[in-house]
Amino acid sequence: MAQDTLQLKLTSDKLEQRTMKELAFDLKQTVNKNRAVGLWRMMTGYHWVYLGALISVALGAAARTATYMLLQVVVDDVLTEGMHLEWLPWLAFGFVGLAGAEGLFSYLRGVWSARASEGITLRLRNYLYDHIQRLSFTYHDHAKTGELISRATSDVDAVRRFYADQAIGIGRIVALFAINFSMMMRLSSNLAWLSIIVMPAVIIMSYLFFGRVSKAYEAYQEQEATLSTTLQENLMGVRVVKAFARQRYEIDKFEEQNYEKYKRGKKLTMMHSLYWPLSDILCSAQTLIVIGTGAVMAARGELTLGTYLAITGMIIWIVWPLRNLGRLIVDVSRGLVSFGRVADIIAEDREDIEGGLAPTGESLMQGNLVFDHVSFAYQPVVPQEDTSKGNGKGPSAEPKLVEVLHDISFSVEPGQTIALLGSTGSGKTSIVNLLLRFYDYQSGHITLDGKELTEYSRVLLRQQIGIVEQEPFLFSRSIRDNIAYGTGREVTEAEVIAAAQAAAIHDVILSFPQGYDTLVGEKGVTLSGGQRQRVAIARTLLKNPRILVMDDATSSVDTDTEMQIEAALERLMENRTTFVIAHRIQTVMRADWILVLDRGRIVQQGVHDDLIQEDGLYREIYQIQARIEEEVEKEVALAA
């Protein structure tokens, strides 16, 4: 068992080293207006491997052409003239050897191109996953999940196919044409020039086709991303859809988007159906002209039979690769468009989480906070029609910033509990977001232990600040894994159990058949709202943060459970600066200091006993909630 564990650790270490080596190359260097340049730069580290694949393509093409040249010798010098019959065994070996060489080079081409394309794609996927996680909250506020998934999957796969097939295919076409044309020039210059008479027409037609199909494929990919977003939102909100009986509406919306994808796909297919017949007609005519002319020349004695047979073989490998140029153009356009869409994500600046002060030791983070005339505005979410086309262009006009906090000033001593009270949209959560540096404030100052908050690294702040959100997110893993998630270290079973007991969820977990190994569904849907909230509280408590944030953390639990949680929190919040965000007076009344917010401003602040005596929003909320509770108690008494 110990040996297996050691082996697993060694394998994990090797994988980590390889991943770090891959991520050492910053793919931001691949971002370029010229997408071909970007694709070339993305091959960094694989240029020689890919060159080997291209050389194999050329050598394979040379082996095929040499077969036709050997055929000419057999027909003209051995069979027709009856000379050098002793050459036949060697010539037979020559055919076998050339076929073997062609097969070998084909194999090497496949191996090396696969190694390069899969390696490039592995690095790209790893980089994208890491990069997306490091993008700012502002970016994720505007980005659509379905759009990101589409770019990180189907577009990345299109880039893989570009390296695996299309770029190699272009090299194959060039090699076949160059080698076969040069050999035909040696055999018959007239037929060689005749064999490329339709080439300008095919190239011009392919160029025009490339421009149209690129735009059509770009529109198709954009619609596929929209469809993915629609499906992803529906699956995430399936309970809401069923609860409001909106299945028909969602089906109609999906069918509308799906039909739009069908129309764009049909347009793309129609372009193919127009190009292929034209290219087939031209290429077939070209082949017939060369074969017919060669036959006439052979009948006149201007060509030997062996030369004619060699030319008829070579003409196929000159003309028909040109015919496949259309398919390659389609695929290359897909690769270029998909690379552009991926590059748009790569071009986004990462959130700097490491930069800044990173003190160590608990004594260096006391939790002394001061907000001094702080204001904050965010950029509202706008439609993304122009940003999903893989061209890096955003909306034509910057939207006006929306102010959510204005002139916020208060101070917090280490170990104090600060309550934030206000209606939805009053700015309570925005204050906490600034504290965690999810966003940076535009004016004023926030100091932590005497230093400007922006001087601290984001990673330090998020390690030292624990938060239980109003709508906690649980991963589709075991309850134990979810509780231990926030620590970033190995934790013991006893630590997990202690945190669960403190959050009043331990007994509930033991009631499950698999206990702490119970798997929760996606986003924790197999647990009740109160159970999810308590698991999230246990996760935060196990993290043992210096500053604790409870964002309406007891809103989804019953009164008895709330009392159990609050009793545990009173012990655990000792010597920790704590922010409590709530809508209910009962949740905040025991706080050391209460801030009452309305429309992004602090309209009242103080302790409960003082605020209840003042005219203002706090007393209004208190009276409303007290009246509601009295009415509920009367109804319960009458029902009893």
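We use all heavy atoms of the structure for the numbers below, so side chains are in, but hydrogens, waters and symmetry mates are not.
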Evaluation steps, side-chain hydrogen bond (donor to acceptor under 3.5 Å, both in side chains), between Ser430 and Asn433: CA-CA 5 Å; Ser430 295; Asn433 287 339; 5.0 Å; no
Can you see which heavy atom on [X] is nearest to which on [Y], and at what distance?
X: Tyr516; Y: Ala500; answer: OH-CB, 3.2 Å
X: Gly515; Y: Ile479; answer: O-CD1, 4.1 Å
X: Thr447; Y: Gly450; answer: CB-C, 4.3 Å
X: Leu542; Y: Ala499; answer: CB-CB, 3.9 Å
X: Gln257; Y: Gln223; answer: OE1-NE2, 2.8 Å

Under 3.5 Å, is there a donor-acceptor pair between the side chain of [X] and the main chain of [Y]?
X: Gln605; Y: Phe410; result: no
X: Ser409; Y: His373; result: yes
X: Arg546; Y: Gln464; result: no
X: Ser443; Y: Val374; result: no
X: His445; Y: Glu452; result: no
X: Lys428; Y: Leu597; result: no
X: Lys28; Y: Ile346; result: yes
X: Arg462; Y: Leu436; result: yes
X: Ser338; Y: Val159; result: no
X: Ser478; Y: Asp481; result: yes

Trace of the side-chain hydrogen bond (donor to acceptor under 3.5 Å, both in side chains) decision for Trp593 with Gln416: CA-CA 8 Å; Trp593 198 253; Gln416 277 191 330; over 6 Å; no
Test log, rule side chain to side chain contact (heavy atoms under 4.5 Å, CB included), inputs Met550 and Ile537: CA-CA 9 Å; Met550 311 295 287; Ile537 290 172; 4.2 Å; yes
Would you say the side chain of [Y] lies within less than 4.5 Å of the side chain of [X], judging by non-hydrogen atoms?
X: Arg458; Y: Asp440; value: yes
X: Ile408; Y: Leu405; value: yes
X: Val520; Y: Asn482; value: yes
X: Arg350; Y: Asp130; value: yes
X: Ser375; Y: Gln442; value: no
X: Glu495; Y: Ile483; value: no
X: Phe579; Y: Leu548; value: no
X: Leu461; Y: Phe438; value: no

Quick one: pull up [atom1] in [X] and [atom2] in [Y] and give me the separation to the nearest 0.5 Å.
X: His140; Y: Ile132; atom1: NE2; atom2: CD1; value: 7.0 Å
X: Glu455; Y: Asp449; atom1: CD; atom2: CG; value: 12.0 Å
X: Asp372; Y: Ile446; atom1: CG; atom2: CD1; value: 10.0 Å
X: Arg437; Y: Ile465; atom1: CZ; atom2: CD1; value: 11.0 Å
X: Leu435; Y: Leu453; atom1: CG; atom2: CG; value: 6.5 Å
X: Ile594; Y: Asp609; atom1: CD1; atom2: CG; value: 9.0 Å

Tell me whether [X] at atom [atom1] has more than 12 heavy atoms from other residues, nucleotides or ligands lying less than 6.0 Å away.
X: Tyr622; atom1: OH; value: no
X: Lys253; atom1: NZ; value: yes
X: Glu490; atom1: CD; value: no
X: Phe254; atom1: CZ; value: yes

Sub-6.0 Å ring centroid separation between Tyr441 and Phe376: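 For Tyr441 and Phe376, the ring centres are not under 6.0 Å apart.
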Sub-6.0 Å ring centroid separation between His608 and Tyr618: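 Aromatic pair counts; centres sit under 6.0 Å.
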side-chain hydrogen bond (donor to acceptor under 3.5 Å, both in side chains) assessment of Asp349 paired with Tyr139: CA-CA 9 Å; Asp349 292 328; Tyr139 176 83; over 6 Å; no
Ion pair check, Arg601 and Asp407, cut-off under 4.0 Å: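 Salt bridge flag = no for Asp407 with Arg601.
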Pair Leu124-Val342, side chain to side chain contact (heavy atoms under 4.5 Å, CB included): steps then yes or no: CA-CA 9 Å; Leu124 177 58; Val342 171; 3.9 Å; yes
Criterion side chain to side chain contact (heavy atoms under 4.5 Å, CB included) on Arg151 and Leu128, from CA distance to verdict: CA-CA 10 Å; Arg151 297 193 186 202; Leu128 269 182; over 6 Å; no
Trace of the side chain to side chain contact (heavy atoms under 4.5 Å, CB included) decision for Leu448 with Ile547: CA-CA 11 Å; Leu448 174 60; Ile547 299 175; 4.1 Å; yes
Ring-face cation contact, Phe475 with Arg532, 6.0 Å cut, 45° max: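 Pair Arg532/Phe475 does not count as cation-pi.
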